[in-house]
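Remarks on the structure that follows.
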Amino acid sequence: MIFLGAPGAGKGTQAKVLADRRRWTHISTGDLLRSAVAEGTALGLKAKSFMERGALVPDDVMIGLIREKLPTTGEFVLDGFPRTVPQAEALERMLQDEKRPADAVINLEVEDEDVIRRLSGRRQCKNGHVFHADFFPSKKGETCDRCQEILFQRPDDRAETVRARLEVYHQQTRPLIGFYQNRNRLKNVDGRGSSEDVSRAIDSQLAGGK
Ligand code: AMP
């Protein structure tokens with residue numbers, strides 16, 4: 001399964017919920033890249049400057065990464081990949097070679113103003129527990145109420161970078177909506193509302209509802 005949507009649409013949150021509940025493998029390219037940057041690996045060194053300015057990491061790097069990380073058996077949820085048409089085409093080829101095309105593509109729809117509001121208030125700890133300064137604050141204020149680690153703002157969630165990421169989304173990622181629509185695999189889900197509401201809407205789409 002694939003999640004599409006603007007930055008801050010809720011892909012990460014929903015992909016984690018779905019993968020946990022159904023025991024599917026969750027593959028977040030953003031998380032993989034952030035760990036690589038933190039560990040200073042070759043991949044991290046290549047990706048860092050693109051991520052810091054809100055640009056996309058080049059397609060060949062991302063396709064190589066996914067080729068390495070795709071599980072050979074079992075179901076999986078892709079969160080943050082593909083983000084360009086060449087990435088989607090490469091993924092189609094990889095999955096076709098293994099005779100297991102992606103079943104569903106969930107497109108989480110949110111307006112740009114919501115994206116800006118969500119990302120500018122987003123805070124997280126180093127273990128990936130995510131909060132929002134206004135909508136979902138940690139009960140411990142500046143530290144995580146689940147693991148007590150300090151909360152921080154992702155460098156690419158600062159206002160200037162959020163605008164760059166939105167522009168990149170509109171130019172490079174939105175065309176994937178047409179790509180998957182043409183293949184009859186796109187399922188649109190309203191990304192506004194509570195995480196539980198969105199999760200229910202996704203379940204209903206996956207069950208074949210409208
Ligand atoms: P995310 O956590 O999904 O918002 O990703 C954070 C950043 O990682 C993005 O702004 C990109 O710089 C980079 N990134 C993640 N996934 C991809 C991808 N599929 N293609 C290119 N860059 C990516």
Side-chain angles (χ1 to χ4, degrees), residues 1-19 22 24-33 50 54-115 118-119 163-193 197-210:
M1 240 211 66
I2 295 170
F3 270 103
L4 289 185
K11 296 187 296 295
T13 305
Q14 294 300 333
K16 271 180 215 152
V17 168
L18 196 70
R22 302 189 182 208
W24 293 351
T25 306
H26 172 216
I27 303 170
S28 156
T29 44
D31 286 350
L32 289 171
L33 291 172
F50 294 100
L56 293 185
V57 175
D59 284 338
D60 57 333
V61 175
M62 296 311 300
I63 293 166
L65 176 65
I66 281 294
R67 190 167 281 127
E68 191 186 303
K69 297 289 175 185
L70 269 192
T72 47
T73 55
E75 312 273 351
F76 57 85
V77 186
L78 281 179
D79 158 15
F81 187 96
R83 257 177 157 104
T84 65
V85 171
Q87 290 181 14
E89 286 168 342
L91 180 65
E92 292 282 289
R93 282 194 297 272
M94 279 182 238
L95 295 175
Q96 259 157 25
D97 286 349
E98 296 179 22
K99 306 214 170 7
R100 48 171 188 167
D103 286 330
V105 181
I106 297 283
N107 178 40
L108 288 178
E109 299 178 294
V110 288
E111 301 291 332
D112 284 4
E113 301 87 81
D114 285 326
V115 165
R118 285 181 182 196
L119 294 188
R163 273 188 287 276
R165 288 165 69 199
L166 262 175
E167 210 174 299
V168 164
Y169 166 74
H170 284 291
Q171 281 178 5
Q172 302 195 55
T173 308
R174 260 189 82 84
L176 292 181
I177 293 176
F179 181 95
Y180 286 115
Q181 222 156 22
N182 290 338
R183 286 160 177 77
N184 287 325
R185 269 184 260 150
L186 193 77
K187 296 176 187 294
N188 288 310
V189 169
D190 186 345
R192 294 168 304 176
D197 288 344
V198 176
S199 188
R200 264 192 294 275
I202 292 172
D203 280 341
S204 134
Q205 279 287 22
L206 292 179
K210 285 277 156 217

Does the side chain of [Y] come within less than 4.5 Å of [X]'s, by heavy atoms?
X: Leu18; Y: Trp24; result: yes
X: Leu78; Y: Leu91; result: yes
X: Met94; Y: Leu70; result: yes
X: Leu4; Y: Phe179; result: no

Under the 3.5 angstrom rule, does the side chain of [X] hit a backbone N or O of [Y] as a donor-acceptor pair?
X: Asp197; Y: Gly193; answer: no
X: Gln87; Y: Ile63; answer: no
X: Lys11; Y: Gly5; answer: yes

Considering all heavy atoms, the nearest [X]-[Y] contact:
X: Gly8; Y: Leu119; result: CA-CD2, 3.4 Å
X: Val85; Y: Pro175; result: CG2-CB, 4.1 Å
X: Ile27; Y: Pro71; result: CD1-CD, 3.5 Å
X: Ala6; Y: Val115; result: CB-CG2, 3.9 Å
X: Val77; Y: Ala15; result: CG1-CB, 3.8 Å
X: Ala104; Y: Leu206; result: CB-CD2, 3.8 Å

Hey, could you give me the [atom1]/[atom2] distance between [X] and [Y], rounded to the nearest 0.5 Å?
X: Glu111; Y: Arg192; atom1: CD; atom2: CZ; value: 7.0 Å
X: Ile2; Y: Phe81; atom1: CD1; atom2: CZ; value: 8.5 Å
X: Leu176; Y: Gln181; atom1: CG; atom2: CD; value: 11.5 Å
X: Ser204; Y: Lys187; atom1: OG; atom2: NZ; value: 9.5 Å

Could you give all pairs that pass the side chain to side chain donor-acceptor pair (under 3.5 Å) test and reach residues 169-180, with sequence neighbours left out?
Asp112-His170
Quick test of your reading: applying side chain to side chain donor-acceptor pair (under 3.5 Å), list the pairs with at least one residue in residues 60-81, sequence neighbours left out, ordered by first then second residue.
His26-Asp79
Given side-chain contact (heavy atoms from CB on, under 4.5 Å), test Val189 with Asn107 step by step and report yes or no.
CA-CA 6 Å; Val189 169; Asn107 178 40; over 6 Å; no
Using the side-chain contact (heavy atoms from CB on, under 4.5 Å) rule, take Val198 and Gln14 through it: C-alpha gap first, then chi angles, then the decisive distance, then the call.
CA-CA 8 Å; Val198 176; Gln14 294 300 333; 3.5 Å; yes
Chi angles and distances behind the side-chain contact (heavy atoms from CB on, under 4.5 Å) call for Ile106, Leu108
CA-CA 6 Å; Ile106 297 283; Leu108 288 178; 4.2 Å; yes
With sequence neighbours left out, which residue pairs that include part of residues 80-95 fulfil the salt bridge (charged side-chain N to carboxylate O under 4.0 Å, His left out) condition?
Glu92-Arg183, Glu92-Arg185
Between Thr29 and Val57, does the side-chain contact (heavy atoms from CB on, under 4.5 Å) criterion hold? Intermediate values first, please.
CA-CA 10 Å; Thr29 44; Val57 175; over 6 Å; no
